[in-house]
There are 2 protein chains.
Amino acid sequence: MTTIRDVAKHANVSAATVSRVLNKKGYVSKEAEEAVLTAIKELNFRPNAVARTLYNKSSRMIGLIVPDITNPFFPELARAVEDVALTYGYTVVLCNADGNVEKEHNYIEALKQKYVDGIILTTNQLSFSDEEEVGVPMVALDRIIGSKIPTVVSSNEEGGAAAARHLIENGCRFLAHLRGPKGLATAEDRLSGFRKVVEQSGVANVIVEADFHFEKSEQVTAKLLEHHPTIDGIFASSDVSAAGAIKAATAMGKKVPDDLQVIGFDGIPFGEMLVPSLTTIAQPIYKMGAMAARLLIKLIENKPLERFYYELPTELIKRQTTRRKEENNE
Amino acid sequence: MTTIRDVAKHANVSAATVSRVLNKKGYVSKEAEEAVLTAIKELNFRPNAVARTLYNKSSRMIGLIVPDITNPFFPELARAVEDVALTYGYTVVLCNADGNVEKEHNYIEALKQKYVDGIILTTNQLSFSDEEEVGVPMVALDRIIGSKIPTVVSSNEEGGAAAARHLIENGCRFLAHLRGPKGLATAEDRLSGFRKVVEQSGVANVIVEADFHFEKSEQVTAKLLEHHPTIDGIFASSDVSAAGAIKAATAMGKKVPDDLQVIGFDGIPFGEMLVPSLTTIAQPIYKMGAMAARLLIKLIENKPLERFYYELPTELIKRQTTRRKEENNE
DNA sequence: ATGATATCTGTAACCGGTTACACATTTTGA
DNA sequence: TCAAAATGTGTAACCGGTTACAGATATCAT
């Protein structure tokens, strides 16, 4: 491996001068600069990132901690974060905390040790309270931690309300909500929006817990439809969860959307791949990731933030798992 | 940040002794060890990973380069790699090359600079030929690079053959294969297996190119079914691609599996979420990832490899998009 | 008793960049 | 014309661990 001192020798200057050329910092004469540049070319020199990081206490990396890389929502988010990070010259380190608080802590510690410049946290888990003491710039994404940590979420409550409204407008008389994990702010907000609309309109409804996963949602829905065969509208708190609901319903002989309408939440490409394609409350996933990355970088570079809380609008995407019923029976 | 010298001062020993305690290397007296351990506790000292890496030229990290984190196949693989890596004390850095050769190169360079101990390459892209000169242990996963690089793949050819056989046994008379990208060994092998069976049995067939993506497969299938309305069996070279085919067929009023049977390739959880659930040739995704990780770690630790080429068996998983036709018409 | 070996510890150099500082030389401006 | 400011460059210390080496004791074998 070529070092800066090899280059220096080759160019007949000191290591300091080479460093100055590399960083375009301080005074360097034209001749020296040229000599260094040629030497760098000839020796195919690349400055050692680790040595740099050690002195600078900055690695130009940002950590992105996700709860479940297997849920397509997060890769989507990761891409956005990465795109923005790369344009600002940062590299992204993706960490899969697996919904495990301990693993999350370990990653945060490991990242700090690696001198990452900042961390974006998207964990499902409700974990710790001492985030302020982490000592590294942090941004919360699709998750609410505390008032001191800049936060990017979508309008979960309004989205939940919109989902309920859509089902009701489509003629559903008995709604179910497959809510997300308890204690998770985004899930609570979706529930709360749903509840408000449903209570206000007086539509029959039932709420059951299903984490965001497919199998669990399938099981829960099967049980739910058994107990309440007249349910004709389901709002699932994630698209994957909605797929589970559809699966269970179909297995019981219910037709979607004729017997049962289903609406998801997230707006991942996955929803379009289903047949029938999934109606959903879409989050602006890419925008959320991009915004979180930009906020973090501002934080890192000590630029002022206008706000600490950004709520991006969700959008109802009507596809084939819901449709307006004709006014007919009853 | 507490350094090793702070600890040394606190324990009344030299930094060298502290380092010896940390690494359990060399002679240290009981008393000294205890003093150091207490000092470490009291100061809450964590050795700096970057400094360590700089001297050791090893970061205990391994890089995993994937072509498209958005394709659920890869997160699945990543989890396996991570699981194994963690048990051996390595951290995984996930890089999304985006099917972009240049990005892949950049990542490899960046990883080398960070002193990663090894790299697992899974890229779709056919990229470069000088892998032997990378200078870092490497393993190819789901991709064939060169004879010098240990390789883990599944039995793509046999899988392709099994897919064709299954469709034929189920009574299909006119098969189509949505092949993967040209030049990609895994895609070629699947095609080759398919072709052999089809030629041997004399079944009518047509082959069209569709990368592994959903939209492309949907478009290609729509065109295909328009030109050849009598196609009654499709083998898609990925599960996501199969979903695209199903979508297109359904949009044209064809029923799956009654009018058209579809079989995918990969065996990602996604296939089960579809309605009807997807028949597929499943790769042992987790095993592949785990094996690649173990191979890489052996390589890193200079342990001997038994072989340089591991082909893991695929498995036909019959679900709802295929089914035996009764002998009836014609 | 005595040389050989094992145990213990500290000093200083090293990994590969970065930069404060000192010292020169050149340019500016009054 | 001469001090002040700007420009150019090298030395050496630093980031925070690691380790070769040397010197000091303790233990062992003969």
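Letters A, B, ... are given to chains in the order of the sequence lines, protein chains preceding strands, and every chain is numbered from 1.
- Checking the phosphate oxygens (OP1, OP2) of C:dT18, no side-chain nitrogen or oxygen of A:K57 falls inside 4.0 Å.
- When all heavy atoms are compared, the tightest approach of A:D68 to A:F74 is O-CD1, 3.4 Å.
- Under 4.0 angstrom from either OP1 or OP2 of C:dG10 there lies at least one side-chain N or O belonging to B:S14.
- Rounded to whole angstrom, the span from the OH atom of B:Y55 across to the P atom of D:dT19 amounts to 6 Å.
- Between the CD1 atom of B:I4 and the P atom of D:dG17 there is a distance of 6 Å, given to the nearest Å.
- A salt bridge between B:K298 and B:E306 is present, with a side-chain N of the basic residue lying under 4.0 Å from a carboxylate O of the acidic one.
- At a threshold of 4.0 Å, the pair B:E34-B:K41 does not count as salt-bridged, since none of the basic side-chain nitrogens sits closer than that to a carboxylate oxygen.
- A salt bridge between B:E301 and B:R294 is absent, with no side-chain N of the basic residue lying under 4.0 Å from a carboxylate O of the acidic one.
- Nucleotide D:dG16 holds its P atom 7 Å from the CG atom of B:N48, rounded to whole Å.
- For the atom pair CE of A:M1 and NZ of B:K57, the computed distance is 7.0 Å after rounding to the nearest 0.5 Å.
- Remark: P of C:dC15 and CG of A:D6 are 10 Å apart, rounded to the nearest angstrom.
- For A:K103, the NZ atom counts as densely surrounded, since its 6.0 Å shell holds more than 12 non-hydrogen atoms of other residues, nucleotides or ligands.
- When distances are taken from the side chain of B:A51 to each of C:dG10, C:dC15, D:dG16, the shortest belongs to D:dG16.
- Across the protein-nucleic acid pair, B:I40 atom CD1 and D:dG17 atom C1' stand 13 Å apart, rounded to whole Å.
- Within residues 17-33 of chain A, the residues that have a heavy atom under 4.0 Å from DNA chain C are, in order of number, A:S19, A:R20, A:N23, A:K25.
- Rounded to an integer number of Å, the gap from B:L54 CG to C:dC15 C1' is 4 Å.
- Rounded to whole Å, atom P of C:dC15 lies 13 Å from atom CE of A:M1.
- Legend: residues meeting side-chain hydrogen bond (donor to acceptor under 3.5 Å, both in side chains) with A:Y115, ordered by chain and number and at least two apart, are B:N48.
- Distances from the side chain of B:Y115 to the nucleotides C:dG16, D:dT19, D:dG17 place C:dG16 closest.
- Comparing C:dT19, C:dG10, D:dG10 by their nearest atom to the side chain of A:N56 picks out C:dT19.
- Using a 4.0 Å heavy-atom criterion, one finds that B:T2 contacts the sugar-phosphate atoms exclusively.
- Straight-line distance from the CZ atom of B:R5 to the P atom of D:dT18: 11 Å, rounded to whole Å.
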